[in-house]
*Asks:* 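Please read through the structure below; I'll follow up with questions.
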Amino acid sequence: MSGTNAASGAAPCRFAHYFVICGIDTETGLEPDELAALYQWLEADRQGRDPDTAAAGENFEQSPLKRTFKSKVLAHYPENVEWNPFDQDAVNMLCMPKGLSFRTQADNREPQFHSFLITREDGSRTYGFVHTFYEEVTSPQICSAMQTLYQMHQAENPSSATPSSSSSSSMDSLASSLDEADSPSSSSCRSAACGGYDASRDTLYVSKALCLITPMPFMHGCRRFLSQMHWAVTAASPPPLPLESYVHNILYEVPLPPPGRSLKFHGVYEPIVCQRPGPGELPLADFPLGQTFTLLGVENLVQLFNCTLLEMQILLYSQDYQRLMTVAEGITTLLFPFQWQHVYVPILPASLLHFLDAPVPYLMGLQSKEGTDRSKLELPQEANLCFVDIDNHCIELPEDFPQFPNKPEFIQELSEVLLHYGISPVGGAPPTSVSTSTTTTPGSVSTRHPGLKSQQALRELEDDGRNGNLGGEQLAVLELLQGNATLERLQALAKRTGVRVEALRGVGGEREGQGQGGRTAVEEEELRNAKLNVQLREVFASRFTTMFADYEAFVIQSAPDLESWLTNREQMHNFDKASFLSDQPEPYLPFLSHFIETQMFATFIDNKIMSQWEEKEPLLRVFDGRIDKARLYNVRAPSLRSSNYQRCTILKESAQAIEQRLMKIDHTAIHPHLLDMKIGQGKYEQGFFPKLQSDVLSVGPTNNKWSNRTATAQRRKDRHRQQTEHLTLDNDLKEKYMQEARSLGKNLRQPKLSDLSPAVIAQTNWKFVEGLLKECRMKTKRMLVEKMGREAVELGHGEANITGLEENTLIASLCDLLERIWSHGLQVKQGKSALWSHLLHYQAREEKLEQQQAESPVSNGPERRKSESSIGMPSLRASVIQDMRHIQSMGEIKTDVGRARAWIRLSLEKKLLSQHLKQLLSRQALTKKLYKRYAFLRCEEEKEQFLFHLLSLNTVDYFCFTSVFTTIMIPYRAVIIPIKKLSNAMTTSNPWVCVSGELGDSGVRQITKNVLEMTFDSAFRPHTHIDAMFKCQNLGKLTTVQLGHDNSGLLAKWLVDCVMVRNEITGHTYKFPCGRWLGKGVDDGSLERVLIGELALPNADEDFGRGCRTPDMQHSPGQTRRVSITSMGGRGYKPTSAQIQEAIGEAVNSICKHFHKPEKERGSLTILLCGEVGLVGALEQFFHNGFKSARLFQKTVFVWDFVEKALAYMESADQMGDMQETAEPLGLTCVSLCHYVSAINSSPRNIGKDGKFQLLVCLGARDRLLIQWLPLLLECPVIQQMYEESALLRDRTTVNALIAVLQTLHDFPITLEASLVKGIDL
């Protein structure tokens, strides 16, 4: 045991943890791949066939050379490492994701390299690097077994002389078909050999894999070490030392380079150099980013990066494992300082394909089969999927998501970095040759996803010999040819035979050709890659440093200690999102409002908060350091809220740091040396990897300086941990808290690879179901709290404090969640939106039932909705199908995903989302037909809770449909209700209405006389009302109705109680109270009135779920409870002077509050000015106080009469010269008042005297003239005739107080709705 401990003691500082060999176990012989059988079982289950028959028996349709067989871990050294236990199943599966594959001498047997990673539950990663080659099969049993299988295959398929490509199974061999596609000779050879296997004629080869498992991704170093190990076996002469020496050396004698240092260690034939970034630099990333950009192009890569930041589902698709890994690691590397928090499986083994069903964000890589068309790939959900076809250099994006800020400038900067290194920014070329990319790929990229737009400058740079930088093969040729005649001849020969120069350089160039500064060509290439990597990453990192330079100011640190923070994690508000967004430039908001809702941002903020009690997380430490440095050099104030693009300024320094480390090697590891081994074992045999002596490889050296040092340090750490354990939070408990605190998605970073029984798959799905329910609870709670404001939760009311943008983000994320829930456990996928597909199935069934039950009206009973408001409005039918038809009739929406989102928004606005979904899921037979047993929608208890969480959203008002689909045509119903007690409920004149809203008005709509309807109330008294339907473009929230008539006929006078207007799609009903006459010679003689409306509350007998609503957006809590003083005045009640003054103060206060809100949160100003508790009504009461209006046997006198008399007096006084002595401004004021009054009087509109006075107040408030007109009226002698002594208007102190209050409105730009000032020419 001591050996293992010695080995593991230094493991955290070791370069490599394990050396693994995978291949065929000659003792057990050929075994069909169990994973392949499981895959067939899952495929059959997914397609609805009987899985048991599908997986039973051998698959004789395929040639045995195309089939996959079970691979095994033949050996791994050492046996175990304490902090990185060896997971045999996972390593075997990832080293050979598709099992063993066989070849004959006629097939391509090029070695392949790929890498993989294993993510542990705490999020830490282990990397694996695999070199796969083909070794001759010497076992006669295996050769004869293969011969027998081939004969059985021929007997089953006599016609197939050659193995058909169509039968190539999804379990295609590891040596990806790239080789076959590349070499034209291979197909002819294969046909010559008839594609079969004959033991007497053919040599059989089988795949074998050498693998290094390391704690850090030193990809280049591991690749070179493994390829040298393979050379040592294939070379004509044996290696200088036994292979055990090199394996022992890399496992136990090569340390990890310390941060900021470089390390040189020795392979079999030549040294290998690797370097590690320092503490202030970006973390290690050794996968070539240049290759990622070359494969996808800058435009596509930036879009993929954006989708990753917004935590969408991302599926990478390629024939080549290493490409999958390179793109996945490249993208996650660029996220600095954030980290991907969800499922991350860059290489998804075939047996885990069911994992694509995961209803959570994921980043996965799927190997494409040779010749498979993308259209044949059935994915469970695509509504939120970003599909990246790496080999075809194109991406398919989800619908409608915000773009990354400053995208064009960002792409420009990245393109310049790439061009500097001779790489085309358009992408789409294989990394070996850049020349083809400029001619062939722009078309291929732009058809699927348009490439760089009109970047003429870049194109010219490329055409101009890439600015002197040659790329790919040409660069390689140039390096080799300079001054070498032999190589020139070789190059000409290579051109004729089609051999790639890289391969030639690989064998010869590395040992002979020394590049600049004594480095080999390979080292030059690695240095170039490392510099390109770091410069590209710096451009990305610099974007985040700019965008989040002030993030610390918005972090809310409320907990006294770590334990209480972890315990209350879910209830705590950690980041002030609203303030942060209000501080950002306008163009950044769509992206940032989505991004700050992601798990990766939440975890970043969590790490920031925890850094006050614990050591800072490394990425956070680097990021904070950069922000501090930026502050020193650049005071941020001027650039705050500026959306100007700031370029990265440290590209040169970052590349120099790497070059200096590689020029000056800091550490050199111990050379490989002879070990104390038994002589004669592991004898060299060319072409065969020997069996290594395990006893010398299971124990590390005891005299190694650094291993002793790290072991001592480890012991010291252990002692310290034991001492502090009883003082601090128990570590396991803390870990548990941490896991819980991380919210959703953290507990399932990677599926368990070692056990794939149906029970484990079921358990995984159960985790998904729990996760979805938790996410639903969090999202609905967040939507409620944001909509109601924090006080609202405690007080039951409050002002809305959510911006339209933030609300839109939350609703979009709810739509995404519903799509993921509906796509979980689908039997068969139809269309891109699982929810819309389900709705269509439901619609088809219901319409069929409707036809059958057309005669029986009873069936529609439960779907009727009660009458919305007062008498006269016919009830609106609430049904899932009706709302679907509304959406289907909208020509603006082109896709299923768009229709599903519009339907969700409409249902949410109507407060019917929970009810509709309950109705949809009540058809259990349909749900069973569409979904598997484990699907979320078939878990009864969770489904009930989910619907309950959605029901809670009915307590607030959303206008998420009306405010988004602004251009659609909407049918409106207007009902004009007369006052019933009087006989004049009917009119002979021709009425008209004009409805206005926040988005426009309907225009004047004449109402034909024959629409008079009669309804009966509960006492069977008849009532008449006028009901009109009209269709116009979406008006938004309704604000005013202009109502009038032409005064014709005998019964022209008309007493109107109110007008009701309903949006027939959303069901929102607005009430516009009137309570006055329209007609000449009655009331104030008005033939038209502007009525101010508000959203009508549903009836009290409505079900509670729909009846609850938020207080109106414009009202503060006090105001909603205040009785309107205008309604008091109308009932013969005279408000006191104190009440009038209070009402004016409240009205002005409301207008001030309105303007202090962000623009997107403001409600309707018209209601605040002219509504029941508005400024105009309060000022009317002020003017009515003490007014001598009722005269015996004479016409009623109105305040407008007083204004006109006062003006007539002023004009006559002016003519007589009495006003010459008055101050100049007073004279001007008099002119302005005359001008306004005459403009109102000469207006073509038939508005009455009260209407005219209201208009004067509105115009005076808008143009800031009210406070100038008041003293003028106060001074006028007419006031004594028309007002009593005690009137407020005659009290100078009160008028001055009123002027002071109105003065506060001068700070705000008051705008009046077009319907109020129509026809007024000033």
Side-chain angles (χ1 to χ4, degrees), residues 1073-1076 1083-1084 1086 1089-1092 1094 1114-1116 1118-1152 1165-1190 1196-1206 1247-1261 1265-1267 1269-1274 1276 1278-1279 1282-1305 1310 1316:
C1074 177
R1076 306 220 18 200
D1083 202 336
D1084 65 347
S1086 181
R1089 293 194 185 280
V1090 177
L1091 310 177
I1092 311 298
E1094 290 198 63
Q1114 296 78 14
H1115 296 170
S1116 61
Q1119 227 173 307
T1120 45
R1121 291 188 286 273
R1122 185 160 60 79
V1123 181
S1124 139
I1125 85 159
T1126 44
S1127 58
M1128 287 177 177
R1131 298 197 179 91
Y1133 170 85
K1134 292 273 186 268
T1136 63
S1137 54
Q1139 281 175 320
I1140 292 169
Q1141 285 171 293
E1142 188 194 344
I1144 291 171
E1146 285 276 11
V1148 170
N1149 198 12
S1150 294
I1151 294 171
C1152 294
L1165 184 60
T1166 307
I1167 292 175
L1168 298 183
L1169 286 170
C1170 307
E1172 268 198 300
V1173 287
L1175 180 65
V1176 173
L1179 286 173
E1180 264 187 302
Q1181 290 300 334
F1182 186 89
F1183 275 89
H1184 276 131
N1185 182 269
F1187 185 61
K1188 303 172 184 173
S1189 60
T1196 310
V1197 182
F1198 294 90
V1199 175
W1200 186 252
D1201 294 323
F1202 161 65
V1203 173
E1204 284 185 320
K1205 281 190 178 178
I1247 46 178
K1249 293 181 176 177
D1250 278 350
K1252 289 176 179 176
F1253 178 73
Q1254 286 183 1
L1255 196 47
L1256 183 69
V1257 173
C1258 288
L1259 291 168
L1265 294 168
L1266 272 182
I1267 60 169
W1269 294 342
L1270 280 168
L1272 208 57
L1273 296 171
L1274 174 68
C1276 184
V1278 179
I1279 200 167
M1282 302 187 75
Y1283 278 88
E1284 292 161 8
E1285 188 71 45
S1286 60
L1288 287 171
L1289 191 58
R1290 289 184 65 179
D1291 180 357
R1292 192 175 294 277
T1293 318
T1294 311
V1295 171
N1296 286 338
L1298 175 62
I1299 289 170
V1301 170
L1302 293 175
Q1303 179 87 42
T1304 56
L1305 295 180
I1310 290 176
L1316 294 176

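Computed from a predicted model, the values in this text were never measured in an experiment. Both backbone and side-chain heavy atoms feed into the values below; hydrogens, waters and symmetry mates do not.
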*Asks:* For Y1283, does its backbone N or O pair with a side-chain atom of R1290 as donor and acceptor, under 3.5 Å?
*Replies:*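 It does hold such a pair.
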*Asks:* Show your reasoning for whether side-chain contact (heavy atoms from CB on, under 4.5 Å) applies to R1089 and C1074.
*Replies:* CA-CA 8 Å; R1089 293 194 185 280; C1074 177; 4.0 Å; yes
*Asks:* Give the minimum heavy-atom separation between I1140 and P1135, together with the two atoms involved.
*Replies:*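 Scanning both residues completely, I find the closest heavy atoms to be CD1-O, 3.9 Å.
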*Asks:* Calculate, to the nearest 0.5 Å, the distance between atoms CG and CE belonging to L1289 and M1282 respectively.
*Replies:*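 So the CG of L1289 and the CE of M1282 are separated by 11.5 Å.
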*Asks:* Can you tell if the side chain of D1250 reaches within under 4.5 Å of the side chain of S1086, non-hydrogen atoms only?
*Replies:*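 Result no, sub-4.5 Å side-chain heavy-atom pair not found.
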*Asks:* Measuring from I1144:CD1 to Q1139:CD, what's the distance to the nearest 0.5 Å?
*Replies:*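 These two atoms lie 12.5 Å from each other.
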*Asks:* How many angstroms lie between atom CG of L1169 and atom CD1 of I1151, to the nearest 0.5 angstrom?
*Replies:*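 The CG atom of L1169 sits 4.5 Å away from the CD1 atom of I1151.
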*Asks:* Atom CD1 in I1310, atom CG in L1175: separation rounded to 0.5 Å?
*Replies:*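 I1310 CD1 to L1175 CG: 7.5 Å, rounded to 0.5 Å.
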*Asks:* Working to the nearest 0.5 angstrom, can you tell me the gap between L1266 CG and L1259 CG?
*Replies:*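 Spacing of CG (L1266) from CG (L1259) equals 9.5 Å.
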*Asks:* Please report the shortest heavy-atom distance between A1287 and N1185, naming the atom on each side.
*Replies:*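 For A1287 versus N1185, the nearest heavy atoms are CB-O, 3.3 Å.
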*Asks:* Is any side-chain heavy atom of L1288 closer than 4.5 Å to a side-chain heavy atom of L1298?
*Replies:*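 No; the side chains remain at least 4.5 Å from each other.
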*Asks:* Quick one: does C1170's side chain get under 4.5 Å of V1090's, heavy atoms only?
*Replies:*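 They are not in side-chain contact.
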*Asks:* Would you give the length of the straight line joining atom NE2 of H1184 to atom CZ of F1198, rounded to the nearest 0.5 angstrom?
*Replies:*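 The CZ atom of F1198 is 8.0 Å from NE2 of H1184, to the nearest 0.5 Å.
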*Asks:* Only one of N1296, L1302, V1301 forms a side-chain contact (heavy atoms from CB on, under 4.5 Å) with I1299, so which one is it?
*Replies:*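 The side-chain contact (heavy atoms from CB on, under 4.5 Å) with I1299 is passed solely by N1296 among N1296, L1302, V1301.
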*Asks:* Please step through side-chain contact (heavy atoms from CB on, under 4.5 Å) for the pair V1199 and E1180, ending with a clear verdict.
*Replies:* CA-CA 8 Å; V1199 175; E1180 264 187 302; over 6 Å; no
*Asks:* How about S1137 and T1294: do any of their side-chain heavy atoms sit closer than 4.5 Å?
*Replies:*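 Sidechains of T1294 and S1137: no contact.
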*Asks:* Centroid separation under 6.0 Å, is that true for the rings of F1183 and F1202?
*Replies:*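 Ring-ring flag for F1202/F1183: false, centres at least 6.0 Å apart.
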*Asks:* Less than 4.5 Å apart, side chain to side chain, heavy atoms only: is that true for L1305 and V1148?
*Replies:*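 With C-beta onward as the side chain, the pair touches.
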